[in-house]
Structures are given as structure tokens and as C-alpha cells.
**Q** 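One structure is given below, represented as C-alpha cells, and several questions about it will come after.
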2 protein chains.
Amino acid sequence: MIKPNELREKGLRLTPQRELVLQAVRQLGHATPEEVAEKVRSTHPGINLSTVYRNLETLENVGLVLHTHLGHGGATYHAAEELTHLHLVCSDCGDIGDAPIESAANFVNTLSDDYGFKTDVTHFAVYGLCSKCAAKAGK
Amino acid sequence: MIKPNELREKGLRLTPQRELVLQAVRQLGHATPEEVAEKVRSTHPGINLSTVYRNLETLENVGLVLHTHLGHGGATYHAAEELTHLHLVCSDCGDIGDAPIESAANFVNTLSDDYGFKTDVTHFAVYGLCSKCAAKAGK
DNA sequence: TACTTCCTGCGAGCCCTTTGCAAGAGAATG
DNA sequence: CATTCTCTTGCAAAGGGCTCGCAGGAAGTA
């Protein structure tokens with residue numbers, strides 16, 4: 001799943017910790033730094049949380065990983081190649097749904113045309129009520 | 001600017017601190033708790049930061065104030081009646097632009113139709129490059 | 001193998017926010 | 001007004017999440 005060259009090509013050293021962090025992010029889909037650490041530790045205890053933070057930052061700098069803000073302050077990390085969807089965050093149950101980026105195409109164009117604003121769709125979360133909670137609230 | 005009844009009607013006591021917090025939020029437009037505190041203290045030093053936090057929360061519970069996540073973790077507060085725009089947050093210069101809610105109308109409808117997701121437009125920030133920074137980056 | 005540089009673990013520290021507690025102040029009542 | 005009940009406040013401590021400095025250790029290079 002991880003090719004040694006991926007990291008070397010970016011000028012990064014290939015350390016076990018770094019590989020594990022990248023691997024965890026890829027496996028988890030969405031993950032907070034804490035969750036990444038937990039995942040990594042499940043097979044390799046003793047890896048320090050600050051190492052996870054530093055590696056997430058490093059991997060983000062070279063473009064292998066990205067983060068998104070889902071609202072509660074904490075960033076959520078994704079493998080760069082997996083970030084092909086929007087996040088629909090339910091304000092009620094906290095569930096995180098996905099929607100294709102294309103759903104926002106018109107919106108992005110509008111903002112670009114009207115305000116010259118170039119939206120980074122991968123970086124924003126959409127808040128609201130998921131269908132389940134909306135149904136509950138409707139009752 | 002503040003009617004005594006606004007607070008009383010909601011079942012809240014009318015304390016000087018509470019009035020000041022509400023007033024500050026209304027005057028500031030967008031404001032972090034820290035900024036609200038600063039504003040309040042400019043006329044009334046000695047008001048505790050935790051009082052500001054508690055009042056923001058209280059005022060939000062009764063619907064006089066709302067908060068938005070602009071991404072860096074901190075919430076930003078608005079008077080409820082002023083939240084009639086989207087936030088366009090520039091990832092480069094940090095500038096916060098506004099756009100009318102209607103810009104997102106199609107987008108909101110799409111999400112509703114396709115996923116049953118009821119977007120709370122007032123609660124999400126849109127990330128990207130503002131026109132200035134996009135121009136700079138283009139050079 | 002020897003060397004340079006980058007990374008890691010650890011601990012301390014920082015920022016923002018929340019909490020517990022005791023004193024103080026609103027507001028309803030008599 | 002005085003009394004009383006309850007909500008609020010200020011203060012200080014604590015919590016969560018993240019960053020930083022340091023010294024030892026490992027990756028990559030020749």
C-alpha cells in the first residue's frame with residue numbers, strides 16, 4: 001500500500017513511524033490526529049503523539065495528505081487521493097456523510113464569477129441535518 | 001440598541017455583563033469570544049472571560065446569537081439577525097469575505113434533493129482564495 | 001564504517017475553553 | 001422596602017488539543 005519511493009521522492013526519510021502514519025490515514029479515511037495515533041499504536045505502541053502530529057504536517061506539506069475542518073475545532077486528515085468528496089456534517093448526530101464534489105460545481109462557479117473567490121472544495125465542511133435527523137425533527 | 005425585554009422575554013436575567021456581551025456581538029459583526037471580551041472591557045474592565053463564554057452560550061441557546069466555524073478552531077459569533085451571509089475565508093491572507101446566502105441556494109437544493117441533507121447555511125464557512133490572493137498566486 | 005542530518009520520544013508549555021465554588025446580584029414576594 | 005430564591009459572576013484550577021525544545025537515535029550518503 002505504501003511505496004518506499006513515495007516518501008523518498010518527496011525528500012522525506014522513510015521511517016517506520018512515518019510509514020505507519022501515512023498508512024493509518026489511508027486506512028481510516030477520515031481521521032483526527034488522535035485517531036491516527038490510536039490506529040498506529042494498535043500495532044506499534046510507543047509511537048508518540050507529537051510524532052503523529054509532526055508527520056501529519058510533514059505529509060501534508062508534500063501533498064500526500066490533506067486536512068479538512070469539520071467544525072469542532074479538530075482537523076481531520078485524509079489521504080490526498082481520497083479527498084474526492086464533500087463532507088456533510090450532521091449537527092444533530094454528528095454523522096459525516098459524503099457527497100461528490102460535483103454537487104458543488106455550480107456553487108463554486110457562482111462564487112468565482114461573482115466574487116473572484118476560488119473555492120477549495122476539499123477544505124470545507126457542510127453543516128446541517130442528515131436525512132435521519134431531519135426526519136426525526138420533522139415528527 | 002438593546003431592549004430590556006429581549007432578554008427578559010427569554011427568561012434571562014438582565015445583567016450588565018449580559019447586555020454588554022450582546023451589544024458587543026451586535027457591534028462587532030463577526031467576533032471571537034476573545035474579541036467580544038476585549039470590546040466589553042474597553043468600557044467595562046473587570047468582566048471575566050468565562051462570563052463572556054457563558055453568556056455567548058446562553059445567548060445562543062435563546063437564539064439571540066449564533067456561531068460559525070471559520071476553520072481555525074475558534075468559533076465566531078454573530079447577532080442572530082445579522083447572519084444573512086456566507087463567509088468566504090481566504091486560506092492565504094485569512095480575510096473573511098461575505099456573499100449572500102442566495103449564492104448557495106442551488107447547492108442547498110441539490111443536497112436536499114439528492115441526499116435529504118438539510119444544510120444550515122449560516123453555520124458553514126467556505127474556504128478558498130480571495131480574489132486578491134488568487135491574482136497574486138496567478139502571477 | 002563513519003558521518004551528517006533528519007526524526008523521534010519525552011516533557012514542558014501554550015492557547016482556548018470549561019468547570020467548581022463561594023460570593024454577589026436580579027427579580028418576585030410579602 | 002426587606003426578604004428570599006435562584007441565577008450569575010469572578011476567580012482559580014483544570015482540561016483538551018496542539019506545539020516546541022532538547023538530547024539521543026536512526027536514515028541515508030560516501
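Protein chains get the first letters and strands the later ones, always in sequence-line order, with residue 1 at the start of each.
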**Q** Reading DNA chain C from 5' onward, which residue's closest nucleotide shows up sooner: B:Leu12 or B:Pro33?
**A**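 So the residue in question is B:Pro33.
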**Q** Can you tell if the side chain of A:Leu59 reaches within under 4.5 Å of the side chain of A:Val25, non-hydrogen atoms only?
**A**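 No - every pair of side-chain heavy atoms lies 4.5 Å or more apart.
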**Q** Taking ring-ring contact (aromatic ring centres under 6.0 Å, His included) as the definition, give me every residue that meets it alongside A:Phe117, ordered by chain and number, with sequence neighbours left out.
**A**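 Listed in chain order: nothing, the list is empty.
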**Q** Please check the phosphate of D:dG10 (OP1 and OP2 only) for any side-chain N or O of B:Gln17 closer than 4.0 Å.
**A**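 So the side-chain polar atoms of B:Gln17 do come within 4.0 Å of the phosphate oxygens OP1 or OP2 of D:dG10, strictly under.
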**Q** Give a yes or no on whether the backbone of B:Glu6 and the side-chain of B:Glu9 come within a donor-acceptor separation of less than 3.5 Å.
**A**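 Such a contact is absent between B:Glu9 side chain and B:Glu6 backbone.
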**Q** Using whole Å, report how far NZ of A:Lys10 lies from P of D:dG28.
**A**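 Rounded to the whole Å, the gap is 17 Å.
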**Q** Between C1' on C:dC6 and CG on A:Asn61, what's the gap in Å once rounded to a whole number?
**A**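 Taking atom C1' of C:dC6 as the reference, CG of A:Asn61 is at 15 Å.
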**Q** What is the distance, to the nearest angstrom, from the CG atom on A:Leu7 to the P atom on C:dT8?
**A**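 So the two atoms are 11 Å apart, to the nearest Å.
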**Q** Does a nitrogen or oxygen in the side chain of A:Thr15 sit under 4.0 Å from OP1 or OP2 of D:dA27?
**A**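 Checking A:Thr15 against D:dA27: no side-chain N or O falls below 4.0 Å of OP1 or OP2.
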**Q** Tell me: CD of B:Glu9 to C1' of C:dA27, nearest whole Å?
**A**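 Rounded to whole Å, this separation is 16 Å.
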**Q** So, for A:His30 and A:His85, is the gap between ring centers shorter than 6.0 Å?
**A**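 Ring centres of A:His85 and A:His30 closer than 6.0 Å.
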**Q** Once you round it to whole Å, what is the distance between C1' of C:dT18 and CG of B:Asn48?
**A**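 Whole-Å distance recorded here is 12 Å.
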**Q** In a table with atom names and distances, give each donor-acceptor pair under 3.5 Å that connects a side chain of residues 90-109 of chain B to protein atoms at least two apart or in another chain.
**A**
residue: B:Ser91; atom: OG; partner: B:Gly128; partner atom: O; Å: 3.2
residue: B:Ser103; atom: OG; partner: B:Pro100; partner atom: O; Å: 3.0
residue: B:Asn109; atom: ND2; partner: B:Ala105; partner atom: O; Å: 3.3

**Q** Expressed as a whole number of angstroms, how long is the span from B:Glu19:CD to D:dT8:P?
**A**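 To the nearest whole Å, that distance equals 13 Å.
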**Q** May I ask you to decide whether A:Glu19 forms a salt bridge with A:Arg26, counting only side-chain N to carboxylate O separations under 4.0 Å?
**A**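 A:Arg26 and A:Glu19: not salt-bridged.
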**Q** What residues form a side chain to side chain contact (heavy atoms under 4.5 Å, CB included) with B:Thr68, not counting sequence neighbours?
**A**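 Partners of B:Thr68 by the side chain to side chain contact (heavy atoms under 4.5 Å, CB included) criterion, ordered by chain and then number, come out as B:Leu70, B:His78, B:Leu83, B:His87.
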**Q** When you compare the protein's N or O atoms with those of nucleotides 22-24 of chain C, which come within less than 3.5 Å of each other, and at what distance?
**A**
none

**Q** Tell me every residue that passes ring-ring contact (aromatic ring centres under 6.0 Å, His included) with B:His44, counting only those two or more places apart in sequence or in another chain.
**A**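 B:His44: no ring-ring contact (aromatic ring centres under 6.0 Å, His included) contacts found.
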**Q** Report the distance from atom CG of B:Leu14 to atom P of C:dA27, rounded to the nearest whole Å.
**A**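 Result: 5 Å.
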**Q** Can you confirm whether or not the ring centre of A:His69 sits under 6.0 Å from the ring centre of B:Tyr127?
**A**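 Yes: the rings meet the under 6.0 Å criterion.
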**Q** Mind checking what makes side chain to side chain contact (heavy atoms under 4.5 Å, CB included) contact with B:Asp114, not counting sequence neighbours?
**A**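 Testing B:Asp114 for side chain to side chain contact (heavy atoms under 4.5 Å, CB included), a comparison that skips the adjacent residues, returns B:Thr110.
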**Q** Applying ring-ring contact (aromatic ring centres under 6.0 Å, His included), can you list everything that pairs with B:Phe124, at least two apart in sequence or on another chain?
**A**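 For B:Phe124 the ring-ring contact (aromatic ring centres under 6.0 Å, His included) partners, ignoring immediate neighbours, are A:Phe124.
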**Q** A:Lys10: which residues meet the side chain to side chain contact (heavy atoms under 4.5 Å, CB included) condition with it, sequence neighbours left out?
**A**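 For A:Lys10, the residues satisfying side chain to side chain contact (heavy atoms under 4.5 Å, CB included) (neighbours in sequence not counted) are A:Leu12, A:Val62, A:Leu64.
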**Q** Using a cutoff of under 3.5 Å, can you pull out all pairs of nitrogen or oxygen atoms linking the protein to nucleotides 19-24 of chain D, with atom names and distances?
**A**
residue: D:dG21; atom: O6; partner: A:Arg54; partner atom: NH1; Å: 3.2

**Q** Would you say the side-chain atoms of B:Arg18 pair up with the backbone N or O of B:Arg13, donor to acceptor, closer than 3.5 Å?
**A**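 Between the backbone of B:Arg13 and the side chain of B:Arg18 there is a qualifying donor-acceptor contact (under 3.5 Å).
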**Q** Determine to 10° how strongly the helix from C:dT1-D:dA30 to C:dG30-D:dC1 is bent, judged from the axes of its five-pair ends.
**A**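 Terminal axis comparison yields 30°.
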**Q** Where along residues 39-47 of chain A does a heavy atom fall under 4.0 Å from DNA chain D?
**A**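 Residues of residues 39-47 of chain A that come under 4.0 Å of DNA chain D do not exist, since none gets that close.
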**Q** Between B:Asn55 (CG) and C:dT18 (P), how many Å, whole number?
**A**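 It works out to 13 Å between those atoms.
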**Q** In a table with atom names and distances, give each donor-acceptor pair under 3.5 Å that connects a side chain of residues 45-53 of chain B to protein atoms at least two apart or in another chain.
**A**
residue: B:Asn48; atom: OD1; partner: B:Ser50; partner atom: N; Å: 2.9
residue: B:Asn48; atom: OD1; partner: B:Ser50; partner atom: OG; Å: 2.8

